[in-house]
Number of protein chains: 2
Amino acid sequence: MIDPALRRGPGERAHGAPLASLVGVSIPRLYAYHRALRQAQEAGKTTITSHGLAALLGHTIASTQIRKDLSALGPLGRRGQGYAIDPLAEQLAWVLGLEHDWRIAIAGFGYLGHAFASFITAREARFRVAAIFDQSPAVIGQTWQDITVQSIGEMDRVLAAAGCNIGVIAVPAGAAQPIAKRFADLGVRALLNFAPIALDVRAPVIVRNIDLAGEMSILTHRLTLDLVADGDDVEAGAGSF
Amino acid sequence: MIDPALRRGPGERAHGAPLASLVGVSIPRLYAYHRALRQAQEAGKTTITSHGLAALLGHTIASTQIRKDLSALGPLGRRGQGYAIDPLAEQLAWVLGLEHDWRIAIAGFGYLGHAFASFITAREARFRVAAIFDQSPAVIGQTWQDITVQSIGEMDRVLAAAGCNIGVIAVPAGAAQPIAKRFADLGVRALLNFAPIALDVRAPVIVRNIDLAGEMSILTHRLTLDLVADGDDVEAGAGSF
DNA sequence: GACTGTGAATACCTTCACAGCA
DNA sequence: TGCTGTGAAGGTATTCACAGTC
């Protein structure tokens, strides 16, 4: 596990602490802070405390945790006052890479690929879907927001021109691995994978898996625990299942 | 964080260790094992070693980790031989709750809700979509696999009859919280939430969030680190972004 | 007084090393 | 010999307690 590139941001702008100090902070948490800060901005606020942020997040994250995370980014708060929202949001956006434009290629334009495209472009202005691929002749040639769905066979040619940074894999499990390899060979260094298999990709390429069935299994596991407990206490219960 | 109900499974069947000993094992990992075991079963195998399992999982999980996890479920392996696949898969299925039938209600039947319904019913035979709700008049009345999409206003009436155990929230962020409350009030104790907000639900109800934008932010964060490093080394590079 | 920043303490999860068995 | 099972060690994330600052 080598974490490369731990220097400061480029240019004149001081981006607080070197990113090396980010050990121990979870990026999705930082993203949640950023989201909450935008919300506070829209509400007209200019400062916020760690407790206020925790409240905006439904107290799913402790204020202590928030302070620890934010202090890792640099001296952004004022003791006794709280955090100034604008510079904090800006700093978070920089750390999260939200100040760049990202070009996304989607492989597999079924319902899932379609849903992802709509969701992510609505959520982050700088996320652009730049290429869409599918295998099915029924889908190829369709357009989505000016983008024409291309054949998977065209990936090599199209991707070279489209210059995408992020690949999304929304194809059936059986088709995922070769597509991951193709993305990797074409220089796409970040993959979001919805297929329920472990992709085999090498070093500079990073993968995040969205494990829908795995998340469901957490729910069914917990519900089963409840069933066992209830069964012990109330003798078989109302027989719903 | 109280983990309720930590006794054995019911009935004559011995389900190995009490589930209390499952501290430290991640349920998605157990689910991955189960998936790999089914794969091995289909390939005609009857036993497998922890190393063999690791290989099936693309070595994303260490064999030591696998042994630790499985040993928490009871004495399922034989030293020198490996694990007998059938009883192991059965035990995992029980722990994961995969031996029950689960009735799923989906709120929000846009592309995402649709994709989820198709995906999850294809993956697990005992997951059934039993009710679908949407707000849009254009969607209400459509059918999916014999299920008619109902108005969200009908949730109270329909859910009482449908007897669902799991609610899936695939509506816009603004609509998510009231729907979560409604699910909770109607006795649905497990929610899978795709909306990018922290739901406020109380004690017996459990929530899992699928945070698509959060996962994307991990990718953009890592890519930004690379950018900073490359920029330092190659002076602005090829100017792709 | 209010709130941030942070070392120390704790809890948790993973890896290691090896004992125990077939 | 081959592989599981597990205490011990190591590492990482979270919480606590409080010092520091406005």
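Hydrogens, waters and symmetry mates play no part in the numbers below; they use all other heavy atoms, side chains included. Every chain is numbered from 1, with letters handed out A, B, ... down the list of sequences.
Phosphate contact (OP1/OP2 of C:dC3, side-chain N/O of A:Thr49, threshold under 4.0 Å): absent. A close approach under 4.0 Å does occur between a side-chain nitrogen or oxygen of A:Ser50 and OP1 or OP2 of C:dT4.
Cation-pi geometry between A:Arg123 and A:Phe127 is not met at under 6.0 angstrom from the ring centre and within 45 degrees of the axis. A cation-pi contact, defined as under 6.0 Å to the ring centre and within 45° of the axis, is absent between A:Arg29 and A:Tyr33.
Atom NE2 of B:His51 is separated from atom P of D:dG2 by 11 Å (rounded to the nearest Å). Taking atom CZ on B:Arg29 and atom C1' on C:dC12, their separation rounds to 12 Å, with Å as the unit. In this entry the distance linking CG of B:Asp69 with C1' of D:dT4 reads 14 Å, nearest Å. One interatomic measurement links the two molecules: CD of B:Gln91 to P of D:dT4, which rounds to 17 Å at whole-angstrom precision. Separating the NE2 atom of B:His59 from the C1' atom of C:dT15 is a distance of 17 Å, rounded to the nearest angstrom. The CZ-P distance, from B:Arg78 to D:dT1, rounds to 23 Å in whole Å. In this structure, A:Ile66 places its CD1 atom 13 Å from C1' of D:dT14, rounding to the nearest Å. Atoms CG (B:Leu53) and P (D:dC3) sit 13 Å apart, rounded to a whole Å.
Other residues, nucleotides and ligands place no more than 12 heavy atoms under 6.0 Å from the CZ atom of B:Arg128. For OH of B:Tyr111, the number of neighbouring non-hydrogen atoms (other residues, nucleotides, ligands) closer than 6.0 Å is 12 at most.
B:Arg67 comes within contact range of at least one nucleobase, with a heavy-atom separation under 4.0 Å. Using a 4.0 Å heavy-atom distance criterion, B:Leu70 is classed as making no nucleic acid contact. Residue contacts for A:Ser26: at a heavy-atom cut-off of 4.0 Å it reaches no nucleic acid atom on any strand shown. Residue contacts for A:Ser63: at a heavy-atom cut-off of 4.0 Å it reaches no nucleic acid atom on any strand shown.
Closest approach to the A:Tyr83 side chain among D:dC3, D:dC22, C:dG5 is made by C:dG5 (side chain taken as heavy atoms from C-beta onward). Closest approach to the A:Thr64 side chain among D:dT15, D:dT4, C:dC16 is made by D:dT15 (side chain taken as heavy atoms from C-beta onward). The A:Gln65 side chain lies nearest to D:dT15 when the options are C:dT4, D:dC3, D:dT15.
For the side-chain contact (heavy atoms from CB on, under 4.5 Å) test with A:His34, the passing option among A:Leu88, A:Leu96, A:Val95 is A:Leu96; the others fail.
The nearest heavy atom of DNA chain D to A:Arg79 and to A:Ala62 marks one nucleotide each, and the one closer to the 5' end goes with A:Ala62.
The base of C:dT15 lies close enough to the side chain of B:Lys68 for a donor and an acceptor atom to sit less than 3.5 Å apart.
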